[in-house]
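Contents: one structure, followed by commentary.
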There are 2 protein chains.
Amino acid sequence: MTDSSLLAEERSSLSMPETPTLAHVARLAGVSENTVSRVIRDKGPIATETRRRVNDAIAQLGYVPNRAAGSLASSSSLIIGVILPSLSNIVFPEVLQGINAGLAGTPYRPMIGVTDYDLESEQHLISSLLAWQPAAIITTGFAHTDTARRMLEGSRVRIAELMDIDDRPIDLAVGLSHRQAGRAMARHLVNRGYSKIAYAGHDWASDRRAYARYQGLREGLGEAGLPLVAECRTEQASSTLEGRETLARLLAENTGIDAVAFSNDDMAVGGFMHCLAANISVPEDLALIGFNGLEIGQVLPKPLTTVLSNRFAIGKTAVEILLEDTKRPPDARIIDTGFSIIEGATA
Amino acid sequence: MTDSSLLAEERSSLSMPETPTLAHVARLAGVSENTVSRVIRDKGPIATETRRRVNDAIAQLGYVPNRAAGSLASSSSLIIGVILPSLSNIVFPEVLQGINAGLAGTPYRPMIGVTDYDLESEQHLISSLLAWQPAAIITTGFAHTDTARRMLEGSRVRIAELMDIDDRPIDLAVGLSHRQAGRAMARHLVNRGYSKIAYAGHDWASDRRAYARYQGLREGLGEAGLPLVAECRTEQASSTLEGRETLARLLAENTGIDAVAFSNDDMAVGGFMHCLAANISVPEDLALIGFNGLEIGQVLPKPLTTVLSNRFAIGKTAVEILLEDTKRPPDARIIDTGFSIIEGATA
DNA sequence: CGACCTTATCTCAGCGCTAACATCTCTTTC
DNA sequence: GAAAGAGATGTTAGCGCTGAGATAAGGTCG
């Protein structure tokens, strides 16, 4: 331990508790820096005894690798870029939870960005995330600006496009068919004997998946020979408040409706609240169906009939597949996490 | 443009579309790398003409700085480490939204970690985030393991401890006094003439702030000469489902209660659902008060009486203050974002 | 027993930036 | 008009790690 080298000297000088580097660990363990690096990353053959000494040295010094240096040297980082359209809708935090769960126990960390459903904003985020040379970028849907698409395709980074599977992904898509989900909603209502079916929705311009479900709904009704008798949409983002008001508006403007399909559970829960306040019996006077299967819907006095989208699984599965292989495979892959009708008491 | 240097040569070889570096930009703009770096970071005096040339070159090449290299060279990164206890409770995504809003327009990006209310887990996250030499670490509350506290204090990184202000922060605390919020809840109920007040709560072991509110509630009642007539807690994390069940249990085990203070809005909304299902008139038979001021509470047929915590502002304010100065100031600062009673119709 | 693996380690040259300092104009000031 | 300063840029030496190749020591085999 009487190593008179500069490093050791500096380290031992109490005045400057320098943060330990690979070099310190290597010196203490009596091996080369590269060997330490290989022990840490578990690469190549290491003698058991060497591994022990290195690990001891790491523990003794409390060494923590400098990720910036590692990223620079390997030109790839342990970052997973995550781009979400929103955080106000609980759905995306749940996807993020899944991503986080998939990342647990790995050295990868999510770096996040929120687009507010804006493609330009997504493009900027992609560019700024690529500056970190992440291992992967996880984003939402298939709609990107041309530039964004070029950046994603051009990078060697793995790409996951979440939530939707109704188009061709760049690398990996994990989600469900919103069109099919919409059709399933229609079939459910039809099977339950409803025939005067209306739609209450939110902003399509930003939420393309909501629009896909709407299309599916119409298709499903069409197949049963039924029309969509009425529809009402808010230009706002979905929320319980908007759901409540949108249903109120729908019912004020139309009569004879026996069921309403909502663009999602937030809207549907809001609708349910309107029914409570307006003394409308659900489902006797009016049936309601939502989409997502949020907890709040299942705690209503009558559990909401809805479609379970597996948000957590979408995030987790995506990460698991992305981490399987750091290299982008020759052809894109699509994972259908499916959906299922939750038979509540509202439709 | 007949530059025969290696860099230009490589770049022009169509076979290998190398990603541009500072060197490429410098060459194209006819200045030194350092000048480009200074233009990008807006450091030191730059001639207008030089700036123009550099920016043109950047645009032409589509140059994006390599953050890893920058971090390594400056031994500090444009990362803000964000450690949240949970993502299932909408409260924390809202804080994250605030953080994100505060970061908008800056080159900083949040890197997140979720502790599940576990301090060991927080410690690991702190260590793994510090490996990125972030500009700041944002975490929750004042409870940390000794090791975690030492790591935070020892780093030169700025630290924000969010949500609570009832203790001494390491560097910056942004939040509200949960004890005072609890007392305010008590005062509100007392002022409205309720005297048989009970408590329905969730897991304290993990959620210390819920416990602080409980203590405040008891203090507040004590000051009015009133007891807490009953209480019931679930060992689970808060949720609408647990709220519903916990209130059911509380009422099954006790009679004569005229008001219930809940540990938060999730629980309170669940409680409201129980009342709806069990035909209990709110607030005539039973008054309810929550905490947080979530949207869902305000969409109930009767808007929930609750305490507004300014989650978004907490996140945003914290970021703004942290970015004001990259160096930790000599003494810690506490920002009270306050709270306010939302006078709903349930208490 | 020399050729040839296999295993375990080391050497060394960067990765793409930034900090610190050096340099070279011009002004300004007395 | 020499000294001093301000403005604008260049030069140089790393930051702490990893990748590729070199090296060395032992085992296998015809």
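By convention in this document, chain letters (A, B, ...) are assigned in the order of the sequence lines, proteins followed by strands, and residues within each chain are numbered from 1. Keep in mind that what you see is a predicted model, and the values were worked out from it rather than measured.
- At whole-Å resolution of the value, CG in L22(A) and C1' in dG16(D) are 7 Å apart.
- Contact between the side-chain N/O atoms of S37(A) and the OP1/OP2 oxygens of dC17(D) is not found at any separation under 4.0 Å.
- At dC10(C), one or more side-chain N or O atoms of T35(A) fall inside 4.0 Å of OP1 or OP2 (strictly under the cut-off).
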Under 3.5 Å between N/O atoms: give me all the protein pairs with nucleotides 13-15 of chain C, atom names plus distance.
residue : atom : partner : partner atom : Å
dC15(C) : O2   : A73(A)  : N            : 3.4

Mind listing the side-chain donor-acceptor pairs of residues 107-114 of chain B below 3.5 Å, one per line with the distance, residues two or more places apart or on another chain?
residue : atom : partner : partner atom : Å
R109(B) : NH1  : I112(A) : O            : 2.8

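- Taking atom CD1 on I40(A) and atom C1' on dC17(D), their separation rounds to 10 Å, with Å as the unit.
- Across dC17(C), dG10(D), dA19(C), the shortest atom-to-atom separation from the side chain of Y63(B) is found for dC17(C).
- Contacts of T50(A) classified as side-chain contact (heavy atoms from CB on, under 4.5 Å), with partners at least two apart in sequence or in another chain: V31(A), T35(A), I46(A), A47(A), V54(A).
- At the phosphate of dT11(C), neither OP1 nor OP2 sits under 4.0 Å from any side-chain N or O atom of S32(A).
- Every residue two or more places apart in sequence or in another chain that forms a salt bridge (charged side-chain N to carboxylate O under 4.0 Å, His left out) with R158(A) is listed here: D171(A).
- If you take CG of D42(A) and C1' of dA8(C), they are 15 Å apart, rounded to a whole angstrom.
- End-to-end axis angle for the helix from dC1(C)-dG30(D) to dC30(C)-dG1(D), using five pairs per end and rounding to 10°, comes out at 30°.
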Notebook entry, point to check: side-chain hydrogen bond (donor to acceptor under 3.5 Å, both in side chains) between N55(B) and R51(B): does it pass, once the steps are laid out?
Noted result: CA-CA 6 Å; N55(B) 284 328; R51(B) 187 187 311 268; over 6 Å; no
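- For the pair D56(A) and R52(A), the salt-bridge criterion is met [side-chain N within less than 4.0 Å of a carboxylate O].
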Under 3.5 Å, which N/O atoms of the protein pair with N/O atoms of nucleotides 6-8 of chain D?
none

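- With hydrogens and angles left out, the side chain of N34(A) and the base of dT11(C) share a donor-acceptor pair within 3.5 Å.
- Applying the 6.0 Å contact sphere to CG of D146(A) captures no more than 12 heavy atoms from other residues, nucleotides or ligands.
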